[in-house]
Amino acid sequence: TNVTSSFWESNFRFKFRFEADGGNNIFIDDINIYAGDPSDVIVLGTDEAELLQDVTLFPNPAEDEVNLRFSVAAGQTVTIAVTDLMGNIIQRHTVNANQGSNLVLLSTDTLAAGMYLVRLNEGSQTLSFVVK
């Protein structure tokens, strides 16, 4: 079933409820939310992982800063979150990336020695680095 604009109203919500007798697997597929009339035509979305390409993080291990390099096919806003291994956000950055290659310098001088994760666009891609 497609959820279309005829269902939308202020504070529209949808919920998935999973119940199983001892099982722990749930598979959700083919969910479409879009403005338009009901249709059986497949709505194609944009895969965030395809928008960011050639993602690299260097040097690793890092001392004072770590370089994040990535490419985008078209200019867009990219969110960058540096988290510890428990998922606590240590740094958050929003970058207006230009088409092509981009380089972002992330300061590590306030980070304690250890391993950290860099999450791009709310986790569409995740990389790890070590601060020594």
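In what follows, residues are counted from 1 in the order of the sequence shown. All figures in this text were calculated on a predicted structure; none of them were measured in a lab.
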4.5 Å side-chain heavy-atom contact, [X] and [Y]:
X: L120; Y: L127; value: yes
X: T108; Y: V82; value: no
X: T94; Y: V78; value: no
X: N121; Y: Q76; value: yes
X: T83; Y: R119; value: yes

Mark yes or no for whether [X], through its side chain, and [Y], through its backbone, hold a donor-acceptor pair below 3.5 Å.
X: N60; Y: V130; value: yes
X: Q99; Y: A73; value: yes
X: Q53; Y: G100; value: no
X: D64; Y: A62; value: no
X: Q125; Y: L52; value: yes

Exercise for the section: Give a yes or no on this: more than 12 heavy atoms of other residues, nucleotides or ligands lie within 6.0 Å of atom CD of E65. Expected result: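 Yes - once you tally the heavy atoms of other residues, nucleotides and ligands closer than 6.0 Å, there are more than 12.
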
Practice task
Taking all heavy atoms of T110 and all of Q91, pick out the closest pair and write down the distance.
Solution key: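 So the two residues come closest at OG1-NE2, 4.5 Å.
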
Practice task
Identify the two heavy atoms, one from P59 and one from N67, that lie closest to each other, and give their separation to 0.1 Å.
Solution key: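 Nearest pair, atom of P59 first, then N67: CD-ND2, 3.7 Å.
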
Can you tell me how far apart [atom1] ([X]) and [atom2] ([Y]) are? Round to the nearest 0.5 Å.
X: D54; Y: N102; atom1: CG; atom2: CG; answer: 11.5 Å
X: L57; Y: L117; atom1: CG; atom2: CG; answer: 10.0 Å
X: R92; Y: I80; atom1: CZ; atom2: CD1; answer: 11.5 Å
X: L106; Y: D109; atom1: CG; atom2: CG; answer: 11.5 Å
X: S71; Y: N98; atom1: OG; atom2: CG; answer: 11.5 Å

Practice task
With sequence neighbours excluded, tell me which residues meet ring pair (Phe, Tyr, Trp, His ring centres under 6.0 Å) with F129.
Solution key: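 By the ring pair (Phe, Tyr, Trp, His ring centres under 6.0 Å) rule, F129 matches Y116.
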
Exercise for the section: Verify the cluster assignment for M115 and V66: are they in a single hydrophobic cluster under the rule of side-chain heavy atoms below 4.5 Å apart? Expected result: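 Result: no, two separate clusters.
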
